[in-house]
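The sequence lines fix the lettering, A, B, ..., with proteins before strands; numbering per chain opens at 1.
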Amino acid sequence: MKKELPKAYEPSLYEDGIYEKWEESGFFNPDKLTGEPYSIMMPPPNVTGVLHLGHALENTLMDVMARYQRMNGRKVLLLPGTDHAAVATQAKVEKLLVEQGSKNPRQELGREGLLERIREYADASKATILSQIRKMGTSCDWSRLAYTFDEARSKAVNEVFVKMHNDGLIYRGYRVVNWSVKGQSTCSDDELVHVERPAKLYTFRYSKDFPIAIATTRPETKLGDTAVAVNPNHAEYKKYVGEIYTVDIGAAKPLEIRIIADEAVDPNFGTGALGVTPAHSAVDFEMYEKQKAKGEPIGLVQVIGQDGRMTAEAGAAYQGLTVEEAREKFVGWLKDNGLLLKEEEASQNVGTSDRFGDVVEALPMTQWFVAVNKKIPGKDKTLKELMHEAVTSGHNGDPEQKITITPERFQKIYRNWIDNLRDWCISRQVWWGHRIPVWYDKKLDKEIYVTKNIAGEGGIYVETKPPKGDSWIQDEDTLDTWFSSGLWTFSTLGWPDGINDLKTFHPTSWMQMGYEILFFWMARMILMTTYTLDQIPFRDVYIHGMLRDELGKKFSKSSGNNVDPLDVIKEYGTDALRFSLVSGIAPGNDSRFYGEKAEGARNMVNKLWNIYRFAISNFPPSPKQEIKNEECTVSDLWLLGEMRRLIAGVTQDLNGYNFSQAGEKLREFTWNKLADWYLEVSKFEKAGKKPEILSKILEDLLKLWHPFMPFVTETINREMGENDLLMIQRWPDEKFYKDISSRDGSVPNFELIQQIITAIRNARTEHKIEPSKKIKALIYAGGEKELVESQAGLIKNLRTGIGDLEIKEKGEGLGQAIFLAVGGIEIYLLGAKDETKERSRIEKEIARLEKLIAANEIKLANEEFVAKAPAAVVGKEKEKINAWREEMSKLKAQLTNQ
RNA sequence: GCGCGCUUAGCUCAGUUGGUUAGAGCGUUGCGUUUACAUCGCAAAUGUCGGGGGUUCGAGCCCCUCAGCGCGCACCA
């Protein structure tokens with residue numbers, strides 16, 4: 001016998017050592033594995049901080065799949081990485097610097113200086129993240145560790161940028177974009193967080209004689225109005241269409257307002273007309289473009305600048321004011337001049353910057369865009385269409401290249417998003433990120449490359465590497481972080497240089513992510529990969545929900561409810577954390593995390609530990625012997641059959657990504673079947689081949705648990721004297737159990753024995769029989785006499801307190817005994833009866849059966865049910881009712897007997 | 001405004017093509033210290049599956065509708 005194991009599993013004693021063993025083995029690296037490739041790319045955590053519970057969940061999900069597939073004999077690659085998270089990281093570091101007293105980090109440190117500070121922060125954060133991933137037990141291939149901002153990934157970024165530019169899919173354009181004044185950068189439409197806030201809706205006229213009143217929540221922008229749009233069918237207003245009015249409302253120059261027609265204007269909303277501000281509204285800018293195309297151009301007057309203050313064009317009275325100040329002033333002016341018609345409370349939806357938090361201004365600027373509605377050369381398809389077909393017909397219409405999304409409903413959400421997708425603004429003015437691989441001829445006036453679209457006009461150089469000579473200057477801007485993460489499934493596999501990994505592992509097998517980055521990330525990966533590689537990035541996507549605290553609130557720094565996974569690990573162990581995270585979750589649904597959950601999982605881990613502790617000391621490993629069906633006891637066969645079902649069930653659940661259900665099945669088997677019954681049986685039943693059976697079951701059970709609880713299972717495996725790592729053992733096969741568990745094609749009914757035992761225990765409790773008091777039992781087992789007799793030892797010993805047991809086929813009822821009916825079996829407990837309790841117990845039981853029988857009678861009396869339901873269903877119902885009737889008649893007889 | 005999700009035991013949640021008496025964990029109640037485990041054991045209680053309607057032999061599951069909560073999208077000025 002080996003050394004005595006501690007009573008309770010102590011995770012901290014083993015976890016680090018086990019992880020080292022795994023790493024040393026080299027099996028995290030697929031190069032050391034054979035079989036069909038299976039690949040998962042880890043969604044790279046942002047280097048903005050440390051991992052939170054959401055990451056812990058992701059690591060668990062991925063690692064469960066990776067370990068499961070590895071045990072299935074697949075050549076598994078789980079590739080780890082981190083994301084430089086451009087804006088997010090810069091915003092974070094700038095915030096820290098400001099907290100440390102810096103007024104304007106960009107100005108004070110300069111580009112290189114600030115980048116250095118961000119790099120330091122990112123490196124520290126990255127190191128923490130990677131060590132956290134290890135602590136989670138994640139079996140990823142560290143030799144392939146990637147970073148969105150490292151050399152290989154940057155190269156891929158440049159390649160794709162240039163390719164798209166050459167295909168005309170990336171262009172430089174002047175248009176209204178979202179501008180964060182605080183962050184001094186653009187952001188994409190998806191990065192806006194819309195918030196509802198109260199606002200005032202003002203209705204006014206530009207001048208006394210202007211024929212149409214308009215309404216607005218942003219009066220200060222009206223200083224830049226150049227048109228009024230009306231519905232072309234508006235009874236009153238349509239006659240004005242085409243007219244141009246010159247009005248002076250205080251802007252630098254009098255405004256020329258053209259009345260234009262636009263179908264989108266709702267004649268019944270507000271005043272039925274819309275003041276058009278092309279410089280400060282994306283929608284109005286589209287009208288501006290439309291008018292230009294029509295040859296009836298309207299002006300574009302930018303009254304708000306990049307600093308968030310009014311420009312010179314807004315007029316001397318407003319220049320330099322903030323928008324709020326200007327608003328107040330302009331409304332005052334309207335009032336003073338009798339032009340304000342109405343002022344009412346309204347609510348307004350404003351876009352705020354996800355990362356900087358300020359309200360985003362719409363400003364016209366020259367930026368880089370990805371054209372999603374333009375045909376790809378040689379493809380006759382747009383990027384949008386590529387994104388669409390990947391989840392519907394399959395890429396290029398090939399069903400083999402179709403992405404499956406779990407749960408299904410997210411497919412609809414994704415398609416809906418694509419339909420509303422506009423060109424993607426990819427240039428950012430933050431410094432932390434991939435510098436746009438575009439150079440301009442220094443000889444050009446700087447003004448030209450800053451403000452004008454000069455593509456195709458010479459003087460611009462778009463290549464993956466800088467041009468020769470020093471007459472070039474690189475574009476100041478960096479790329480949206482999602483541009484690089486969009487390449488993640490293949491930039492991590494060596495593209496464009498090495499293609500071996502790419503060939504082996506792409507498209508990747510499985511991807512998991514939270515629904516909150518469905519558009520940001522999944523959509524961009526599909527776009528980038530189908531375009532660049534002509535392949536889908538992954539076959540299956542699993543969408544998980546968000547973790548919330550026990551009150552259902554989001555975890556966040558600001559609400560102070562953040563939980564550090566490492567703290568949970570310290571208290572309960574990694575396996576407990578992992579198991580608690582996947583317990584009770586459903587795809588796409590949010591779930592809550594709280595201490596009791598981890599505690600419950602910890603208890604499960606400990607239970608497992610003690611099961612093996614018991615087995616090791618009571619059933620020392622013996623040379624493997626063949627187990628024959630005839631040598632098995634009834635309980636052996638029962639457990640073997642249950643094990644067979646467990647293997648089949650867990651395998652099926654994992655194949656279908658039903659992590660929670662797989663875990664539940666394992667818990668049920670391990671605790672309620674193996675520990676509560678079989679091990680208890682094994683303390684009394686010494687016949688047969690218990691050691692061999694137990695050893696086989698425990699060996700396989702350890703494997704089934706391993707994906708969920710890698711540390712404790714690997715530890716037990718070692719404690720049992722195994723030298724080979726559990727991690728690479730083969731996933732259990734149900735065949736062995738299938739062959740052995742049935743006797744003559746049927747399985748002895750051990751559950752009946754369990755029911756008898758439970759019924760006796762129940763009766764003892766109800767009759768308040770002292771636990772130590774032995775009682776006598778008489779069983780009329782009818783056709784089951786042989787079975788019950790064979791299990792007499794168990795019936796006496798498994799906490800039933802029966803001293804004397806007699807089993808007959810049938811006989812007279814005993815009025816003076818406690819009576820139990822289990823199926824067709826009659827049980828009499830003698831010597832401790834409580835008359836009143838017995839009577840009420842039996843009456844209750846009869847009432848329960850009567851209800852069941854009544855409901856069933858109605859069902860069976862229904863001719864349609866009998867005629868239309870499958871015969872098997874009807875047959876079952878008949879069997880049921882017969883059994884209940886038999887049981888009830890016995891109970892009734894007992895009642896009259898008393 | 002459009003769309004999506006949720007509503008199942010006191011709490012947190014599972015429930016995969018509609019078919020036994022709807023489940024788990026935690027909590028609660030009673031009993032227990034039987035040497036693997038008190039991070040334990042045994043026994044038990046608790047549900048008109050949000051309301052209403054429909055389809056069906058049969059609905060927690062499908063359809064319609066209403067309500068509450070949450071979320072996403074959206075150019076209603």
Side-chain angles (χ1 to χ4, degrees), chain A residues 5 7-9 194 201 203 214-218 229 264-266 268-277 281-284 286-287 346 348-349 407 409-410 412-413 416-417 420 515-516 518-519 545-546 550 552 572 576 580 583-586 588-594 596-597 599-618 652-653 656 658 660-661 664 667-668 675-676 679-680 683 758 761-766 768 770-772 797-800 848-849 851-852 855-856 859 862-870 872-874 876-877 879-880 884:
Chain A
L5 294 173
K7 276 183 152 191
Y9 173 65
H194 291 276
L201 181 67
T203 305
I214 59 166
T216 183
T217 52
R218 297 284 314 264
V265 179
D266 179 353
N268 300 316
F269 183 85
T271 63
L274 174 65
V276 180
T277 323
S281 153
V283 179
D284 295 4
E286 274 169 29
M287 292 186 193
Q348 177 194 28
N349 217 344
R409 67 173 187 271
F410 286 103
K412 216 197 284 180
I413 295 174
N416 203 311
W417 175 83
N420 294 316
Y515 56 74
E516 72 277 7
L518 200 73
F519 306 143
M546 266 189 345
E550 56 203 314
Y572 302 104
S580 67
S583 293
I585 63 165
N589 284 3
D590 293 350
S591 59
R592 299 185 194 196
F593 182 88
Y594 39 88
E596 288 88 340
K597 230 172 180 171
E599 204 179 308
R602 189 266 322 262
N603 294 353
M604 181 65 241
V605 173
N606 192 243
K607 188 77 184 179
L608 196 64
W609 174 257
N610 271 290
I611 285 171
Y612 284 82
R613 206 158 75 90
F614 172 79
I616 289 169
S617 60
N618 289 280
Q652 196 188 343
D653 285 341
N658 291 313
S660 178
Q661 283 180 62
E664 192 46 49
R667 176 205 287 272
E668 158 82 9
D676 289 348
L679 293 187
E680 293 306 315
K683 290 175 185 171
T758 303
R761 289 170 178 168
N762 176 0
R764 287 190 66 115
T765 307
E766 288 209 4
K768 297 204 187 301
E770 288 291 311
S772 54
N797 284 307
L798 292 185
R799 287 165 211 193
T800 49
R848 189 183 69 92
L849 285 170
K851 248 195 211 164
L852 291 175
N856 214 315
K859 209 183 238 181
N862 185 337
E863 280 169 34
E864 281 189 291
F865 171 70
V866 178
K868 289 185 183 170
V873 174
V874 177
K876 252 187 198 168
E877 294 298 315
E879 265 176 44
K880 259 162 38 186
W884 291 334

Requested in this report: Would you classify D266(A) as touching base, sugar-phosphate or nothing, given that sugar-phosphate means primed atoms plus P, OP1 and OP2, and contacts are heavy atoms under 4.0 Å?
Outcome: base
Query raised in the report: Roughly, in whole Å, what's the span from CG in D590(A) to C1' in C13(B)?
Result: 13 Å
Query raised in the report: Going through the checks in order, is the salt bridge (charged side-chain N to carboxylate O under 4.0 Å, His left out) test met by K880(A) and E877(A)?
Result: CA-CA 5 Å; K880(A) 259 162 38 186; E877(A) 294 298 315; 2.9 Å; yes
Query raised in the report: Is it the case that N606(A) and Y572(A) place a side-chain donor and acceptor less than 3.5 Å from each other?
Result: no
Query raised in the report: Rounded to the Å, how far apart are E599(A) CD and C26(B) P?
Result: 9 Å
Query raised in the report: Expressed in angstrom and rounded to an integer, what is the separation of N420(A) atom CG from C73(B) atom P?
Result: 11 Å
**Report entry** Partner nucleotide of U35(B) by Watson-Crick or wobble geometry (both distances under 3.5 Å)
**Finding:** none
Report summary line: Atom NZ of K768(A) and atom C1' of C42(B) are separated, to the nearest Å, by 14 Å
Query - Which nucleotide in A38(B), U39(B), C42(B) has an atom nearest any side-chain atom of A8(A) - result: U39(B)
Requested in this report: Both distances under 3.5 Å, Watson-Crick or G-U wobble: report the partner of U56(B), or none.
Outcome: none
Report task. Could you work out the separation of U48(B) and A38(B) based on their P atoms and round it to a whole Å? Result -> 38 Å
Report summary line: Separation of A44(B) atom P from E766(A) atom CD, nearest Å, is 8 Å
**Report entry** Side-chain-base donor-acceptor pair under 3.5 Å for R592(A) and U12(B)
**Finding:** no
Query raised in the report: Now, which nucleotide makes the Watson-Crick or G-U wobble pair with C26(B), with each of the two distances under 3.5 Å?
Result: G10(B)
Report task. Just compare A43(B), U21(B), U12(B) and give me whichever is closest to any side-chain atom of L852(A). Result -> U21(B)
Report task. Starting from C1' on A74(B), measure out to CD1 on I413(A) and report it in whole angstrom. Result -> 15 Å
Query raised in the report: Which part of the nucleic acid, if any, lies within reach of A586(A) when heavy atoms closer than 4.0 Å are counted: base, sugar-phosphate only, or nothing?
Result: sugar-phosphate
Query raised in the report: What nucleotide among U21(B), U12(B), C37(B) has an atom nearest to a side-chain atom of K859(A)?
Result: U21(B)
Report summary line: Answer for the Watson-Crick or wobble partner of G18(B), both distances under 3.5 Å, is none
Report summary line: Heavy-atom nearest pair, L5(A) first then I616(A), reads CD1-CD1, 4.0 Å
Query raised in the report: Are any non-hydrogen side-chain atoms of V873(A) and F865(A) less than 4.5 angstrom apart?
Result: yes
Query raised in the report: Any N or O donor-acceptor pair linking the side chain of K607(A) to the base of C37(B) at under 3.5 Å?
Result: yes
Requested in this report: Using the C1' atoms only, state how far C26(B) lies from C62(B), rounded to an integer number of Å.
Outcome: 33 Å
Query raised in the report: For the side chain of K607(A) and the backbone of R667(A), is there at least one donor-acceptor N/O pair under 3.5 Å apart?
Result: no
Requested in this report: Name the residue closer to the 5' end of RNA chain B, choosing between P771(A) and G270(A) according to the nucleotide with the nearest heavy atom.
Outcome: P771(A)
Query raised in the report: Do E680(A) and A36(B) share a donor-acceptor pair, side chain to base, under 3.5 Å?
Result: yes
Report summary line: Closest to the side chain of N589(A), out of C6(B), A36(B), G19(B), is C6(B)
**Report entry** C69(B) pairs with, by Watson-Crick or G-U criteria that keep both distances under 3.5 Å
**Finding:** G5(B)
Report task. Would you mind telling me which residue lines up with the more 5' stretch of RNA chain B, E664(A) or A675(A), judged by nearest nucleotide? Result -> E664(A)
**Report entry** Distance test, side-chain N/O of K683(A) to OP1/OP2 of U34(B), below 4.0 Å
**Finding:** no
Query raised in the report: Rounded to whole angstroms, how far apart are CZ on F519(A) and C1' on C71(B)?
Result: 11 Å
Report task. Could you work out the separation of C13(B) and U8(B) based on their C1' atoms and round it to a whole Å? Result -> 9 Å
Query raised in the report: Taking CZ from F269(A) and P from G1(B), how many angstroms apart are they, rounded to a whole number?
Result: 12 Å
Requested in this report: Choose from G25(B), A36(B), C37(B) the nucleotide whose nearest atom is closest to any side-chain atom of L679(A).
Outcome: A36(B)
Requested in this report: Provide the distance between the two P atoms, one in A22(B) and one in U46(B), to the nearest whole Å.
Outcome: 13 Å
